[in-house]
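The structure appears below as structure tokens.
Within every chain, numbering begins at 1; the chains are lettered A, B, ... in the order of the sequence lines, protein sequences first and strands thereafter.
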Amino acid sequence: MQIVQNIHQAVIKSLFTIYNLAFTEKDFQVNKTKPEFEGDYTVVLFSLLKTTGTSADKLGQELGADLVKNNPELFTRFNIIKGFLNFHIADSFWIALLQNNYNDICYGKKPLNGKKVMVEYSSPNTNKPLHLGHLRNNFLGWSVAEILKASGFQVVKSCVVNDRGIHICKSMVAWQLFANDATPQSTHMKGDHFVGDYYVKFNDEYKKEVKELTDQGIPPAEAEKQAPIMIATQEMLQDWEAGKPGVINLWNKMNGWVYEGFDVTYKTIGSDFDETYYESQTYLLGKDIVQQGIDKKIFFTKHDGSVWIDLTAEGLDEKLVLRKDGTSVYITQDIGLAKQKYEEYKIDQSIYVIGDEQNYHMKVLKLIAQKMGVPAADDIHHLSYGMVELPTGKMKSREGTVVDADDIVAEMEKEAEEKTAALGKVKDFTAEELKHLFHTIGLGALKFFLLRVDPKKRMVFNPEESIDFHGFTGPFIQFNYARIKSILRKNELVPGKKVAPDFLPLEKELIILLEQFEAVIEQACAELNPSAIAIYVFTVAKTFSSFYTEHSIANAETAEKKQLRLQLSVMTANVIKSGMQLLGIDVPERM
RNA sequence: GAUCCCGUAGCUCAGCUGGAUAGAGCAUCAGCCUUCUAAGCUGAGGGCCAUUGGUUCGAAUCCAAUCGGGGUCACCA
């Protein structure tokens with residue numbers, strides 16, 4: 001049980017003994033005592049005054065005395081300042097915590113709870129390579145999956161590949177027009193970049209054609225429709241839907257190139273999926289749902305034959321679910337896929353990692369799923385995250401103003417290499433070991449950079465300023481891990497050996513912090529928020545760093561003190577490693 | 001027009017289920033490597049928590065309005 005819960009329970013029991021009143025955890029707060037006051041944990045008394053009919057001082061005295069008397073294993077002494085009841089927690093409590101957990105690599109994690117959850121993330125288009133925004137999505141999805149696992153859920157990671165539609169046809173048309181049968185092999189290019197270049201090429205050509213038409217006096221809206229390359233693209237989409245072999249072959253070929261490229265990127269950044277859905281196979285889903293919806297009178301048909309749902313009672317609009325030509329729209333496919341997910345995997349919850357521009361769409365999706373009786377529709381969660389923008393504004397693939405995922409990862413690795421070389425601490429590493437280390441540090445810096453902020457906030461990335469390796473960063477945390485490992489290689493920790501019975505302030509600060517790991521994971525899970533983990537792990541590393549600078553471990557005052565510090569170091573290393581794992585970040589043994 | 005999100009140090013962000021004197025990192029300045037890895041540590045400066053009103057013993061935190069920034073409200077995905 002966590003210390004805060006322990007204190008809550010003890011206080012509730014004590015209040016009942018003294019006043020014969022029943023309180024719950026929600027009736028009063030237990031906080032970590034602020035550093036400027038004496039004590040470890042604080043009970044805030046104000047909210048209890050009215051019910052107990054006492055003054056803060058009287059309540060504090062009675063409660064403090066009773067708690068210390070009846071729980072000597074937890075509380076040693078107390079003081080009261082202006083309605084705050086501050087307790088010292090017994091050193092023996094912290095010692096026991098350390099002894100029982102320092103070497104447990106599963107510390108902080110919960111056993112399986114029997115619940116299954118699907119996390120859908122990444123979900124790329126097959127007409128362009130991944131960019132920095134996709135990386136935020138991938139890192140968030142992976143991290144949330146790890147956090148859910150640590151909280152006892154069985155997790156199924158899924159990916160929906162957007163492999164059809166007008167935007168896919170654009171790069172296909174441009175390739176036909178301009179490629180002269182070039183391939184990724186013939187140009188020595190990564191397949192996704194190769195295809196992406198034709199997507200950009202399409203837009204260049206399209207703009208050119210529209211300008212020519214408007215120069216001839218055709219209104220812009222008309223010119224956009226008349227541009228020959230756009231007409232060709234629309235024809236291609238129709239041919240694709242009709243299953244015309246030539247188009248299907250081209251589509252398969254170009255998607256194949258993209259998948260080869262994606263595989264490399266996913267492997268580099270450490271993303272994987274248990275299930276991949278292709279939109280080309282799911283876009284017809286949901287049509288039976290439409291019929292069911294009409295039968296249940298949840299949907300209604302308009303005069304032109306289009307089908308709608310009226311969500312005005314929920315404060316939204318009327319929403320189209322089937323076009324007048326009978327083809328389904330995005331939301332309809334999504335309902336169909338949502339249902340399929342539940343049927344295939346018997347999941348209890350479904351989490352969608354999707355950008356905040358689709359907040360409205362996801363709200364509608366959940367509402368319709370609930371109305372249609374899709375199983376567990378109440379447990380559809382949208383992990384909504386803000387866009388990654390450049391100082392100049394939004395990234396646009398069409399215009400080539402994107403920070404490419406492969407490029408930024410490569411840059412980070414190069415940065416790691418230069419900084420490592422400058423420090424010269426790993427000169428004995430083999431070329432292979434060095435390469436691995438640069439990858440660990442570079443990718444760690446990038447992941448931490450994207451995960452350390454609240455997902456829902458949009459963030460600005462300035463390519464002119466390199467991502468930091470000092471301070472509140474991945475490499476700082478990795479460095480502290482490596483430093484602990486170095487100590488542990490040089491100083492033997494003998495299990496069962498006697499440890500010192502008390503703590504110095506910095507040692508106490510560290511063990512109190514380590515105790516909070518479980519609570520932090522709970523919070524991150526409840527909020528689907530990896531930044532809570534990032535902030536916590538940084539705080540642990542920083543606290544250790546202060547402790548390390550102030551107190552020698554190898555040359556501790558006594559053998560017992562050395563043993564205590566070694567155990568603290570092991571536990572810190574374990575928590576750092578586990579915490580970073582929850583973010584999808586590796587930690588090196590040396591750096 | 002409707003609706004959602006954001007606004008905290010020069011910059012990037014914590015803190016938001018109300019509690020004590022609002023915290024980090026970067027940047028700036030001053031110290032600290034013949035002792036366990038200095039990607040480090042210690043200290044200094046830097047704040048009308050967008051504004052106004054309300055609720056409360058107590059508000060950066062809750063409520064309302066206003067101002068600024070962004071998203072969405074497509075027979076696009």
Interatomic distance where CD belongs to Glu36(A) and C1' belongs to G19(B) [whole Å]:
13 Å
Using a 4.0 Å heavy-atom cut-off across all strands, classify Ile535(A) as base, sugar-phosphate, or nothing.
sugar-phosphate
With sugar-phosphate meaning primed atoms plus P, OP1 and OP2, does His382(A) contact a base, only sugar-phosphate, or nothing at under 4.0 Å between heavy atoms?
nothing
Integer angstrom distance from the P of U3(B) to that of U66(B):
11 Å
Is a donor-acceptor pair below 3.5 Å formed from side chain Thr549(A) to base A38(B), judging by atom type as modelled?
no
When the distance from CD of Glu357(A) to C1' of A77(B) is rounded to whole Å, what number comes out?
10 Å
Val44(A) has its side chain closest, among C13(B), G19(B), C36(B), to G19(B)
Whole-Å distance separating the CZ atom of Phe538(A) from the C1' atom of A24(B):
6 Å
side-chain N/O Arg452(A) vs C26(B) OP1/OP2, d < 4.0 Å
no
Check every strand shown and say whether Ser552(A) touches a base, only sugar-phosphate, or nothing at a heavy-atom separation below 4.0 Å.
base
Between U35(B), A77(B), A39(B), which nucleotide gets closest to the side-chain atoms of Asn555(A)?
U35(B)
Should Lys456(A) and Asp356(A) count as side-chain neighbours, where that means a heavy-atom distance under 4.5 Å?
no
OP1 or OP2 of U72(B) sitting under 4.0 Å from any side-chain N/O of Gln358(A)?
no
With under 30° as parallel and over 60° as perpendicular, where do the rings of Phe448(A) and Phe472(A) fit, or are they tilted in between?
perpendicular
Choose from C75(B), C36(B), U42(B) the nucleotide whose nearest atom is closest to any side-chain atom of Lys542(A).
U42(B)
Would you mind reading off the distance between Glu550(A) atom CD and C36(B) atom P, rounded to a whole angstrom?
16 Å
Closest nucleotide of RNA chain B for Thr473(A) versus for Glu589(A): which of these residues is on the 5' side?
Thr473(A)
Does any non-hydrogen side-chain atom of Trp251(A) lie less than 4.5 Å from one of Trp240(A)?
yes
Output the single nucleotide from C75(B), C5(B), U37(B) whose closest atom is nearest the side chain of Lys456(A).
C5(B)
Within 6.0 angstrom of Lys302(A) NZ, more than 12 heavy atoms from elsewhere:
yes
Picking from U21(B), G71(B), C75(B), the nucleotide nearest the side-chain atoms of Ser306(A) would be C75(B)
Quantified in whole Å, what is the P atom distance between nucleotide A30(B) and nucleotide U35(B)?
25 Å
Okay, side chain of Thr558(A), backbone of Lys561(A): is any donor-acceptor separation there less than 3.5 Å?
yes
In whole Å, what is the span from the OH atom of Tyr330(A) to the P atom of C73(B)?
12 Å
Can you check the distance between G47(B) and A9(B), where both ends of the measurement are the P atom (answer in whole Å)?
10 Å
Between Lys34(A) and A20(B), is there a contact of a side-chain N or O with OP1 or OP2 at under 4.0 Å?
yes
Any non-hydrogen side-chain atom of Met230(A) less than 4.5 Å from a side-chain atom of Phe202(A)?
yes
Could you walk me through whether Arg164(A) and Glu241(A) pass the salt bridge (charged side-chain N to carboxylate O under 4.0 Å, His left out) test, one step at a time?
CA-CA 9 Å; Arg164(A) 63 164 285 278; Glu241(A) 294 200 353; 3.0 Å; yes
Side-chain atoms of Arg458(A) come closest, of U37(B), G69(B), A20(B), to G69(B)
For the side chain of Phe469(A), starting at C-beta, report the closest nucleotide among A77(B), C36(B), A39(B).
A39(B)
Look at all strands and tell whether Ser531(A) reaches a base, only sugar-phosphate, or nothing, counting heavy atoms closer than 4.0 Å.
nothing
Using a cut-off of strictly less than 4.0 Å, decide whether Arg489(A) has a side-chain nitrogen or oxygen near OP1 or OP2 of U37(B).
no
Which part of the nucleic acid, if any, lies within contact of Met591(A), taking any heavy atom under 4.0 Å across all strands shown: a base, the sugar-phosphate backbone alone, or nothing?
base
When you compare A60(B) with U52(B), how far apart are their C1' atoms, in angstrom units rounded to a whole number?
16 Å
Sugar-phosphate, base or nothing in reach of Ser546(A), heavy atoms under 4.0 Å
sugar-phosphate
Please name the pair of heavy atoms, one in Thr301(A) and one in Ile294(A), separated by the smallest distance, quoted to 0.1 Å.
OG1-CD1, 4.1 Å
Taking only the C1' atom of each, what is the distance from C26(B) to G46(B) in whole angstrom?
14 Å
Under 5.5 Å centre to centre and under 30° between planes: does that hold for Tyr548(A) and the six-membered base ring of G40(B)?
no
Is there a Watson-Crick or G-U wobble partner for G43(B) with both distances under 3.5 Å, and if so, which one is it?
C29(B)
How far, in whole Å, is A50(B) from G40(B) if one measures between their P atoms?
31 Å
Is the shortest side-chain N/O distance from Lys490(A) to OP1 or OP2 of U37(B) below 4.0 Å?
yes
Indicate, yes or no, whether a donor-acceptor pair under 3.5 Å links the base of C75(B) to the side chain of Asp325(A).
no
Any strand counts, and the cut-off is 3.5 Å on both contacts for Watson-Crick or G-U wobble. Which nucleotide pairs with G68(B)?
C6(B)
Answer yes or no as to whether C4(B) has its base stacked against Tyr360(A), where stacking requires a ring-centre separation under 5.5 angstrom and planes under 30 degrees apart.
no
Lys32(A) atom NZ: more than 12 heavy-atom contacts under 6.0 Å:
yes
Just to confirm, is there a sub-4.0 Å distance from OP1 or OP2 of A14(B) to any side-chain nitrogen or oxygen of Lys457(A)?
yes
What class does the angle between the rings of Phe461(A) and Phe449(A) fall in, given that below 30° is parallel, 30 to 60° is tilted and above 60° is perpendicular?
perpendicular
Any strand: nucleotide that pairs with U55(B) via Watson-Crick or wobble, under 3.5 Å
none
Partner of G1(B) by Watson-Crick or G-U wobble geometry, both contacts under 3.5 Å, or none?
C73(B)
Under a 90° cut-off about 0 for the syn range, is C33(B) syn or anti?
syn
Rounded to whole Å, the CG-C1' distance (Leu451(A) to G25(B)) equals 17 Å
Which nucleotide in C36(B), G40(B), C26(B) has an atom nearest any side-chain atom of Arg483(A):
G40(B)
Given the C1' atoms of A74(B) and C48(B), what is the spacing between them in whole Å?
44 Å
In whole angstroms, the gap separating P of G58(B) from CZ of Phe46(A) amounts to 11 Å
What's Glu279(A) touching, base or sugar-phosphate or nothing? Going by heavy atoms closer than 4.0 Å.
sugar-phosphate
Can you see if the side chain of His470(A) gets near the phosphate of G40(B) - specifically, an N or O under 4.0 Å from OP1 or OP2?
yes
CG of Asn31(A) versus P of U61(B): gap in Å, rounded?
18 Å
Result for 5'-nearest mapping on RNA chain B, choosing between Asn491(A) and Ile166(A), is Asn491(A)
Using the side-chain heavy atoms of Thr42(A), tell me which of these nucleotides is nearest: G71(B), A20(B), U35(B).
A20(B)
Can you figure out which of G71(B), C36(B), A20(B) approaches the side chain of Asn86(A) most closely?
A20(B)
